[in-house]
Amino acid sequence: MKTKGSMNTFYNYAFPMPTVLVTSKDMKNNTNIITIAWHTTISRNPPLYGISVSPKRYSHGLIKQRMEFVINFLSFRYSNEIHFCGTTSGKHVNKIKETGLTLEPSKTIETPSLKEGYANLECILYDTQTLGDHTLFIGRITYVSCDQDSFDHRILNNQKTKPILYLGDNNYCTLSTEKEIY
Ligand SMILES: Cc1cc2nc3c(=O)[nH]c(=O)nc-3n(C[C@H](O)[C@H](O)[C@H](O)COP(=O)(O)O)c2cc1C
């Protein structure tokens with residue numbers, strides 16, 4: 001039986017969504033991490049990737065100022081760190097120190113990538129759109145790094161590298177089955 005759903009939390013019906021950690025850098029060269037569930041591929045050519053960020057987030061100002069960011073894809077085993085980065089602000093907390101996640105230099109931009117990422121997309125800000133109560137930051141991808149062991153012919157090996165999916169509130173899951181259609 002269907003009943004009326006919640007307009008206030010309509011976005012919950014779109015979950016589960018893969019969740020990423022986005023790194024950005026402040027003017028003192030400190031790196032911050034924000035957890036982002038509202039993100040999407042936008043274009044293949046040019047290669048564009050979008051993240052929807054509330055102006056309330058500390059990361060919002062950093063991305064606007066520095067005009068670059070990195071999308072870091074981490075697996076389910078980092079769910080505690082991912083949740084921490086989504087429930088604390090870099091305004092008050094050094095998330096690198098608190099999570100123990102490791103920075104590594106990016107190849108094309110100054111903002112570091114996360115070593116724990118099985119893939120990292122280095123992005124230079126391409127466009128900024130204010131859409132309702134969030135800002136869509138669109139990044140042009142300038143470099144992609146990936147852990148070869150996590151992929152079979154460019155497809156994520158779901159057995160080896162479990163992706164993290166966000167269900168809403170404090171809930172996360174990962175995938176247990178997969179199939180290839182011939
Ligand atoms: C799983 C998860 C997904 C989130 N997705 C988003 C998102 O897509 N956009 C956003 O603005 N905030 C999102 N948040 C909230 C921010 O991650 C959170 O407010 C964070 O503390 C902001 O960090 P900052 O102030 O250091 O930038 C999410 C939080 C969690 C736990």
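Numbers here are sequence positions counted from 1.
Taken from CG in N120 to CD1 in I71, the straight-line distance is 10.0 Å, to the nearest 0.5 Å. Going from atom CD1 of I63 over to atom NZ of K25 covers 14.5 Å, rounded to the nearest 0.5 Å. Between the CH2 atom in W38 and the OG atom in S54 there is a gap of 9.0 Å [rounded to 0.5 Å]. Distance check: L125 CG to C123 SG gives 9.5 Å after rounding to the nearest 0.5 Å. With values rounded to the nearest 0.5 angstrom, S75 atom OG is found 8.0 Å from I164 atom CD1.
For T108, the side-chain hydrogen bond (donor to acceptor under 3.5 Å, both in side chains) partners two or more places apart in sequence, or in a different chain, are E122, T142. The side chain to side chain contact (heavy atoms under 4.5 Å, CB included) check on T177 picks up nothing, with sequence neighbours excluded. For Q148, the side chain to side chain contact (heavy atoms under 4.5 Å, CB included) criterion is met by C146, not counting sequence neighbours. Checked against side-chain hydrogen bond (donor to acceptor under 3.5 Å, both in side chains), T135 has the following partners two or more places apart in sequence or in another chain: H60. Under the rule for a side-chain hydrogen bond (donor to acceptor under 3.5 Å, both in side chains), T31 has no partner lying at least two apart in sequence or in another chain. Under the side chain to side chain contact (heavy atoms under 4.5 Å, CB included) criterion, I155 pairs with no residue at all, not counting sequence neighbours. Listed by chain and number, the residues in a side chain to side chain contact (heavy atoms under 4.5 Å, CB included) with E180 are Y182 (sequence neighbours excluded). Scanning for salt bridge (charged side-chain N to carboxylate O under 4.0 Å, His left out) contacts around R66 gives E110, with sequence neighbours left out. Considering only residues two or more places apart in sequence or on other chains, Q129 meets the side-chain hydrogen bond (donor to acceptor under 3.5 Å, both in side chains) condition with D127.
With K115 contributing its side chain and L101 its backbone, the two residues share no donor-acceptor pair below 3.5 Å. Under a 3.5 Å cut-off, the side chain of Y143 and the backbone N or O of I109 do not form any donor-acceptor pair. Not one N or O on the side chain of H134 forms a donor-acceptor pair closer than 3.5 Å with the backbone of I51. A donor-acceptor contact shorter than 3.5 Å is absent between the side chain of T111 and the backbone of S24. D169 places no side-chain N or O within donor-acceptor distance of the main-chain N or O of N171, the cut-off being under 3.5 Å. Judged by distance alone, with hydrogens and angles left aside, the side-chain atoms of T9 form no donor-acceptor pair with the main-chain N or O of N12 at under 3.5 Å.
Between the side chains of N72 and T23, at least one donor-acceptor pair of N or O atoms lies under 3.5 Å.
Under a cut-off of 6.0 angstrom, the local environment of NZ in K160 is crowded, with over 12 non-hydrogen atoms contributed by other residues, nucleotides or ligands. The 12-atom threshold is not exceeded at OH of Y126, counting heavy atoms of other residues, nucleotides or ligands nearer than 6.0 Å. The number of heavy-atom neighbours closer than 6.0 Å to CE of M17, taken from other residues, nucleotides and ligands shown, is above 12. Shown here is K64, whose NZ atom has no more than 12 heavy atoms of other residues, nucleotides or ligands within 6.0 Å.
L167 and Y11 are not part of a single hydrophobic cluster, where members link through side-chain heavy atoms under 4.5 Å apart. In terms of hydrophobic clustering, with Ile, Leu, Val, Met, Phe, Trp and Tyr side chains grouped at heavy-atom distances under 4.5 Å, I36 and I141 are assigned to a common cluster. Both M67 and F69 are members of a single hydrophobic cluster when ILVMFWY side chains are connected at heavy-atom separations under 4.5 Å. Cluster annotation: I138 and L131 are assigned to the same hydrophobic cluster (Ile/Leu/Val/Met/Phe/Trp/Tyr, side-chain heavy-atom contacts under 4.5 Å, transitive). Put simply, Y49 and L156 are part of the same group of oily side chains (I, L, V, M, F, W, Y) that touch within less than 4.5 Å, one to the next.
Heavy-atom minimum distance, N158 versus P163: OD1-CD, 3.3 Å. For the pair Y166 and A37, the tightest heavy-atom approach, listed with the atom from each and the gap, is CD2-CB, 4.0 Å. Nearest approach of N32 to S59, heavy atoms of both residues: ND2-OG, 3.1 Å. What you find for N170 and H83 is that their closest heavy atoms are OD1-CE1, 3.3 Å. The shortest heavy-atom contact between S43 and N45 is OG-N, 3.3 Å. Between P16 and L165, the closest heavy-atom pair is CB-CB, 3.8 Å.
Applying the salt bridge (Lys or Arg N to Asp or Glu O under 4.0 Å) test to residues at least two apart or on different chains, none of the pairs has a partner in residues 43-61. The side-chain hydrogen bond (donor to acceptor under 3.5 Å, both in side chains) analysis of residues 86-103, with sequence neighbours excluded, yields the pairs T102-E116. Residue pairs meeting the salt bridge (Lys or Arg N to Asp or Glu O under 4.0 Å) criterion with at least one partner in residues 67-87, sequence neighbours excluded, do not occur; the list is empty.
L121 places none of its side-chain heavy atoms less than 4.5 Å from the side chain of V20. Side-chain atoms of V70 and P112, non-hydrogen and from C-beta on, never get closer than 4.5 Å to each other. Between I33 and I96 there is a side-chain heavy-atom pair separated by less than 4.5 Å.
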Subject >> Stepwise side-chain contact (heavy atoms from CB on, under 4.5 Å) test for L103 and L114 >> reply: CA-CA 5 Å; L103 298 180; L114 293 175; 3.8 Å; yes
Subject >> Candidate pair L21 and I82, rule side-chain contact (heavy atoms from CB on, under 4.5 Å), full reasoning >> reply: CA-CA 7 Å; L21 292 183; I82 288 166; 4.1 Å; yes
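A tilted orientation is assigned to the rings of Y118 and F73, their planes being inclined by 30° to 60°.
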